[in-house]
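Data first, discussion second: the structure below is written as C-alpha cells.
Reckoned from all heavy atoms, side chains included, excluding hydrogens, waters and symmetry mates. Note that the structure is predicted; figures quoted are calculated from it, not measured. Per chain, numbering begins at 1; letters A, B, ... match sequence-line order.
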Amino acid sequence: MESRYKSYKYIEDLEKFIGQEVTLQGWVKNKTGKGKLQFIILRDGTGICQCVVYKPNFDEALFEEVKSLTQESSLKVTGTVKKEDRAPGGYEIDVNNIEIIQLAKDYPITPKEHGDAFLIEHRHLWLRSTRQHAIMRIRASVMKAIRDFFDNNGFVIMDSPMLTPNASEGTSTLFETKYFDLGNAYLSQSGQLYGEASAMAMGRIYTFGPAFRAERSKTRKHLTEFWMVEPEMAYFDLNDDMDLAEDLVEYIVQYVLKVNQAELKTLERDISKLENIKRPFYRMSYTEAVDWLVKNNIPLKKKIDGKEVEITPFPWGEDFGTPQEEAIMEQFDKPLIIHRYPTDVKAFYMKPDPENSKVVLAMDMLGPEKAGEIIGGSQREEDYDNLLNKIKQHKLPEEAFQWYLDLRKFGGVPHSGFGLGVERVVKWITGAAHIRETIPFPRMIYRIVP
RNA sequence: UCCCAAGUAGCUCAGUUGGUUAGAGCAUCUGACUGUUAAUCAGAGGGUCGGGGGUUCAAGUCCCUCCUUGGGAGCCA
C-alpha cells in the first residue's frame with residue numbers, strides 16, 4: 001500500500017492539477033475580502049496560492065469562520081485548481097471546503113515593516129516571511145551545489161570532529177566545555193588539521209560542517225557559529241588550490257542561477273552581476289596589492305596607544321583590513337584572489353614561497369559587491385622540521401601537534417586546501433543586508449535565542 | 001574590547017525653547033462591501049514614555065547612572 005503522505009499536494013505542483021480538485025495544507029499568509037468574497041493567500045512552504053471563498057457557494061456557518069481567519073492560522077483547503085493571472089503565483093483555488101486546524105491569535109509579524117531587533121527576536125516566525133523563505137531556499141541550493149561539486153569531482157566527504165582537544169590556530173578564541181575526566185574540550189573552529197590527515201588517507205577530501213569562533217565580532221559578516229566547507233588535496237600546490245576555489249565558486253553561483261530564479265526575483269537581486277561570475281576570476285599577489293594601495297593613496301589605519309592614526313604609504317608587511325579590501329575590490333566585477341601574504345600575518349602551517357621566504361603560499365578570495373572574504377586557503381608546510389620550528393616560533397604546545405607532525409613523518413607530500421564560508425557566500429548571492437539572515441538560527445555575540 | 005547611535009501602544013514612528021487629558025499609521029475587536037492581493041470605508045479598545053536617581057512650581061523632553069538594542073572598527077570564513 002502506498003504511504004498516505006505521497007498523496008499530499010503542494011502549491012509548487014499546482015500546474016499539474018488544473019481543473020482537478022486538490023486539498024492543500026498550509027497557513028494563512030494574508031487574507032483580504034470584499035463581503036461575500038474572501039481571498040485567502042495560503043502558503044505551504046513550497047509557494048503561495050490564492051484561495052477564493054464565495055459565500056453563496058459555501059456553508060454559511062463555515063463562511064463566518066473563514067471571515068475570522070487570522071494571519072498564520074493553519075488550515076486545509078479543498079477546491080478546484082484554475083489558472084488565474086490576477087492571482088499571485090498564477091494559480092487559484094475555488095474553495096468548496098476548509099478545515100481550520102488552529103486559529104492563530106495576535107501573530108506578531110505583520111505585513112508592515114519591523115525593526116531588526118524585533119525580527120531577530122522572532123526568528124522562529126520570521127523564517128516564514130517571503131524574503132527569509134527565499135534566502136533559506138538559496139542557502140539550501142548553495143549547500144547542495146557544494147556537495148554536488150565535490151562528490152562529482154572525486155572528493156570523499158570526511159567529517160571532522162566538533163569537539164577538539166586544542167586550538168588549530170592558537171590565536172583565535174575558542175568556546176570551552178567540560179569533557180568528562182579529560183579536562184576541557186573546545187568547539188572546533190576549523191576542520192583543517194583533520195582534513196589534512198584525511199587527505200593523506202583518501203587523496204582528495206572535504207569536510208563540511210559548523211565552525212565555532214568565540215571572537216567578539218559585532219559586524220554584519222560575522223557569526224559565532226557558521227558553516228564552512230574545507231577541501232584538502234594531497235599533491236595539490238597553491239595554483240591547483242586557486243583553480244579549484246575558482247571552479248567551486250563559479251559552480252555554486254551558476255547552480256543557484258539555474259534553480260533559484262524565482263527566489264532571486266523575490267529578493268530583487270541584480271541577476272546580471274551573478275551571470276557574470278565565470279572563470280577566469282582575477283588574481284594578484286599581496287605585493288601587487290600593496291603597490292596598488294600605495295599608488296592610490298589608501299592608508300593603513302591603525303590604533304597606537306588608543307589613538308587612530310593613518311599611515312601612508314601603506315607599509316609592506318601589514319595585513320589588509322576591510323577599508324583596504326573594499327578599496328581594491330571596487331574595480332572588480334568578479335572575485336579576486338590575493339595570494340602570497342607576508343609570513344608574519346598568516347598561520348603557522350602555511351608553506352613559505354620557495355622563491356621568497358618572506359611570503360607564504362596563502363590565498364584569500366574576495367567577492368565583489370562588498371561580499372568580503374569568502375575563501376581563505378593555502379599550500380601547507382609538508383616538511384617535518386620546518387613545521388616543528390614554526391610550532392615552536394608560534395609558542396604552540398608541541399605535544400598537542402604530535403599527530404599532526406606525524407603526517408609529515410609518514411609519507412608527507414605537498415598538499416593544499418581552503419575554507420569557504422557558506423553564510424558569506426549566501427549573503428553575497430542573495431544580497432542580504434546582514435549575515436544573520438543567511439542561516440536559520442544565527443548565533444551572534446549578544447544573541448543565542450531563539 | 002573600542003567608537004557612534006537609539007530605546008514612547010503588539011509593530012513602525014511623531015512628540016517644538018520643559019507647560020492642560022501623550023498622538024498617527026498598521027495590527028486587534030465591531031460593522032459595511034463579489035476581484036482583493038500592504039484592500040477600502042465607519043467606529044472602539046489599547047501607554048509604568050527602558051530601569052533607578054536628580055534638577056524644577058512642572059520632565060517623554062534637561063543632568064547622572066545602569067540595562068538593552070542597532071551600526072562601525074579590529075579579527076576572520
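- Comparing the C1' positions of B/G15 and B/A24 gives a spacing of 11 Å, expressed to the nearest Å.
- Taking the six-membered ring wherever Trp is involved, the centroid distance between the rings of A/Phe332 and A/Phe281 does not fall below 6.0 Å.
- Across all strands shown, A/Asp364 has no heavy atoms under 4.0 Å from either base or sugar-phosphate atoms.
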Would you give me the side-chain donor-acceptor pairs under 3.5 Å for residues 30-37 of chain A, sequence neighbours excluded?
unit_1, atom_1, unit_2, atom_2, d
A/Lys31, NZ, A/Gln38, OE1, 3.4
A/Lys31, NZ, A/Lys67, O, 2.8

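- Taking only distance into account, the side chain of A/His114 never meets the base of B/C11 through a donor-acceptor pair shorter than 3.5 Å.
- The base of B/C2 lies outside donor-acceptor range of the side chain of A/Arg216, with no N or O pair under 3.5 Å.
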Encode nucleotides 36-43 of chain B as B, S and - characters from 5' to 3', where the letter depends on protein heavy atoms closer than 4.0 Å: B to the base, S only to sugar-phosphate, - to neither.
BBBB----

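- Between the C1' atoms of B/G25 and B/A14, the separation comes to 11 Å (whole Å).
- Residue-level contact check: A/His434 touches the backbone only, with heavy atoms under 4.0 Å from sugar-phosphate atoms and none from bases.
- In RNA chain B, consecutive stretches of 3 or more Watson-Crick or G-U wobble pairs with both distances under 3.5 Å are given as paired ranges: B:1-7 with B:67-73, B:10-13 with B:23-26, B:28-32 with B:40-44, B:50-54 with B:62-66.
- Applying the 3.5 Å distance criterion, the base of B/C76 shares no donor-acceptor pair with the side chain of A/Ser217.
- Annotation: A/Lys370, atom NZ; neighbour count of heavy atoms from other residues, nucleotides and ligands within 6.0 Å does not exceed 12.
- Side chain of A/Glu215, nearest nucleotide from B/C76, B/A27, B/U28: B/C76.
- What you find for A/Lys334 and A/Lys278 is that their closest heavy atoms are NZ-O, 3.1 Å.
- Ring geometry for A/Tyr251 versus A/Tyr255: interplanar angle under 30°, hence parallel rather than tilted (30 to 60°).
- Using P as the reference atom, B/U1 and B/G60 are 34 Å apart when rounded to the nearest Å.
- The side chain of A/Thr70 contributes no N or O atom lying less than 4.0 Å from OP1 or OP2 of B/U28.
- By the 6.0 Å and 45° rule, A/Arg204 stacks over the aromatic ring of A/Phe155.
- Spacing between B/C41 and B/U36 at atom P, rounded to whole Å, works out to 14 Å.
- For B/C63 and B/U17, the P atoms lie 14 Å apart once the distance is rounded to whole Å.
- For A/Phe401 and A/Phe348, the gap between ring centers is short of 6.0 Å.
- Side-chain rings of A/Tyr186 and A/Phe212 stay apart, their centers remaining 6.0 Å or farther from each other.
- Between A/Met444 and A/Pro323, the residue whose closest nucleotide on RNA chain B is further toward the 5' end is A/Met444.
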Quick one: do A/Ser378 and A/Tyr349 satisfy side chain to side chain contact (heavy atoms under 4.5 Å, CB included)? Show the steps, please.
CA-CA 9 Å; A/Ser378 66; A/Tyr349 50 73; 4.0 Å; yes

